[in-house]
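Shown next, in structure tokens, is the structure this report addresses.
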Amino acid sequence: MESLPNQLSNDRILVRKVLTGDQRAFSQIIKETEGLVAQIIFKMIANSDDRKDLAQDVYLKVYQQLDRFRFQAKLSTWIGQIAYHTCLHHLERKKIALVPIGDSDREPSPGFSTPFENEIEGQLMREELSQLVASAMDQLNPIYRTLITLYHQEELSYSEIGQIVQLPEGTVKSYLFRARKALKAHVLRIYNTNIG
Amino acid sequence: MNTSHLTDQQIQLFVFQQGNEFEPWATHMATCKECQLKATLYRSVLEEVANLEKPVFNIDLASQVISQLEPIKPSIDFSRTLVGFIVLVLVSWLGSIVYWTSHELASLFTRLSSMATYLILLTSSSLLIFLVISLYQEFLDKMKRLTLS
């Protein structure tokens, strides 16, 4: 991974080129960041047509606002922030619930466990988890899914995630805690349903 | 040996944020099968998340976006221009007041009656409180909208 000063220096060069009309530089920016943007959009938006439209919308916004980028964060983080908020506005416009309060999303009750949890957990270690986890991720709400993906798959720091979702680091940590707990509960529930 | 189990949050911290401060939990984790299982489940689930296939757009996003771009027009940052203009007007206005009334400024507060002073203080503090409350409410609204909790 590139160090932050190097990354910022590369970002400066690319942004300067784009601002002087070099569209190839913008194409490079898109190619370097579309993985992160795809992660955010795919985790937050279910409809595939909407995903494509939003991805283009995100980069058009980036292009229009690029002269206002102040290099206080990495360019990719700033673009991630635009992607996240574009998705958020889209979901709000469509009145899609962002954080449904389901059983699994509640705060843990004291001594949180189900009667069969330990047995199930033991068996799960020997099962193929991949399918289960993918299904469980699909059942998480969009924000939890995005936070888990950014931290555990994109390996972003709490600070970078905080910049993207514009929440304090403490809130990000607290949301991640609840998100992991909800994910674990979904995995166990799906497993229970499958064997039941 | 500490027999009380770790909470879910403690297990997550132990698994995902290893550090010296979690040393006391390590002792418990080394001996408690139940907590070990929970920790292993968390570790395994999140390792699977890390290994999930990464999504990709099935379009050439760069070409599609580039075809829609219009040349960047050097934009004037209106908010900064406006703030600059307001500051300039305020400075000139205050400057003129100070210039034309400098000989009376020294006695401005000493000549005020105590009632007038109280009125000024009351008005300005009320305004300040009102501004702080409205800013705080705006902040709470924004946080509520963002955190959606």
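Protein chains get the first letters and strands the later ones, always in sequence-line order, with residue 1 at the start of each. Basis for what follows: all heavy atoms, side chains included, without hydrogens, waters or symmetry-related copies.
Under a hydrophobic-cluster definition in which Ile, Leu, Val, Met, Phe, Trp and Tyr are linked whenever side-chain heavy atoms come within less than 4.5 Å, directly or via other members, Leu94(B) and Ile86(B) are assigned to the same cluster. The hydrophobic clustering, which links ILVMFWY residues whose side-chain heavy atoms are closer than 4.5 Å, places Met115(B) and Leu122(B) apart. Transitive grouping of hydrophobic side chains (ILVMFWY, heavy atoms separated by less than 4.5 Å) keeps Val132(B) and Leu140(B) in distinct clusters. Follow the hydrophobic side-chain contacts under 4.5 Å out from Ile82(A) and you reach Phe71(A) in the same cluster. When hydrophobic clusters are built by joining Ile, Leu, Val, Met, Phe, Trp and Tyr residues whose side-chain heavy atoms come closer than 4.5 Å, directly or via intermediates, Phe139(B) is not grouped with Leu131(B).
Arg51(A) forms no cation-pi arrangement with Phe57(B), by the criterion of a distance under 6.0 Å to the ring centre and an angle within 45° of the ring axis.
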For side chain to side chain contact (heavy atoms under 4.5 Å, CB included), just list the numbers for Leu176(A) and Phe16(B), CA-CA rounded to whole Å, side-chain angles, deciding distance to a tenth of an Å, and then say yes or no.
-> CA-CA 11 Å; Leu176(A) 259 171; Phe16(B) 302 112; over 6 Å; no
Could you please spell out the steps behind the side chain to side chain contact (heavy atoms under 4.5 Å, CB included) verdict for Asn51(B) and Val133(A)?
-> CA-CA 10 Å; Asn51(B) 293 329; Val133(A) 170; over 6 Å; no
Passes side chain to side chain contact (heavy atoms under 4.5 Å, CB included), Ile148(A) versus Leu46(B)? Steps please.
-> CA-CA 9 Å; Ile148(A) 285 190; Leu46(B) 275 309; 4.0 Å; yes
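Taking 4.0 Å as the cut-off between side-chain N and carboxylate O, Asp8(B) and Lys184(A) count as a salt-bridged pair.
A distance-only check finds a donor-acceptor pair linking the side chain of Gln12(B) to the backbone of Phe177(A) [under 3.5 Å].
Closest heavy-atom contact between Leu61(B) and Ala55(A): CD1-CB, 3.8 Å. The minimum heavy-atom distance between Gln153(A) and Leu52(B), with the atom names listed, is NE2-O, 2.5 Å.
The local environment of OH in Tyr118(B) is sparse, with at most 12 non-hydrogen atoms from other residues, nucleotides or ligands closer than 6.0 Å. Around atom NZ of Lys61(A), more than 12 heavy atoms belonging to other residues, nucleotides or ligands sit under 6.0 Å away. For Gln131(A), the CD atom is loosely surrounded, since the number of other residues' heavy atoms within 6.0 Å does not exceed 12.
A search for side-chain contact (heavy atoms from CB on, under 4.5 Å) contacts involving Val87(B) returns Val83(B), Val91(B), not counting sequence neighbours.
Applying the side chain to side chain donor-acceptor pair (under 3.5 Å) test to pairs two or more places apart or on separate chains, none has a residue in residues 127-138 of chain B.
In this structure the side chain of Phe26(A) reaches within 4.5 angstrom of the side chain of Leu69(B), judged on heavy atoms. Counting heavy atoms from C-beta outward, Asn58(B) and Lys52(A) have side chains that approach closer than 4.5 Å. Within the 4.5 Å cutoff, side-chain heavy atoms of Lys43(A) are placed close to those of Pro55(B). Residues Val58(A) and Val65(B) form no side-chain contact, since every pair of their non-hydrogen atoms from C-beta on lies 4.5 Å or further apart.
The candidate from Glu53(B), Lys54(B), Gln64(B) with the greatest count of non-hydrogen atom pairs under 4.5 Å with chain A is Lys54(B). When each of Ile59(B), Ile11(B), Thr7(B), Val49(B) is checked for heavy-atom pairs under 4.5 Å with chain A, Val49(B) comes out on top. Contact count against chain B (heavy-atom pairs under 4.5 Å) is highest for Leu60(A) among Thr149(A), Asp57(A), Leu60(A).
In this structure, the portion of Val56(B) lying under 4.5 Å from any heavy atom of chain A is its backbone and not its side chain.
Atom OG in Ser44(B) sits 11.5 Å away from atom CG in Leu132(A) (nearest 0.5 Å). The NZ atom of Lys173(A) sits 11.0 Å away from the CD atom of Gln9(B) when rounded to the nearest 0.5 Å.
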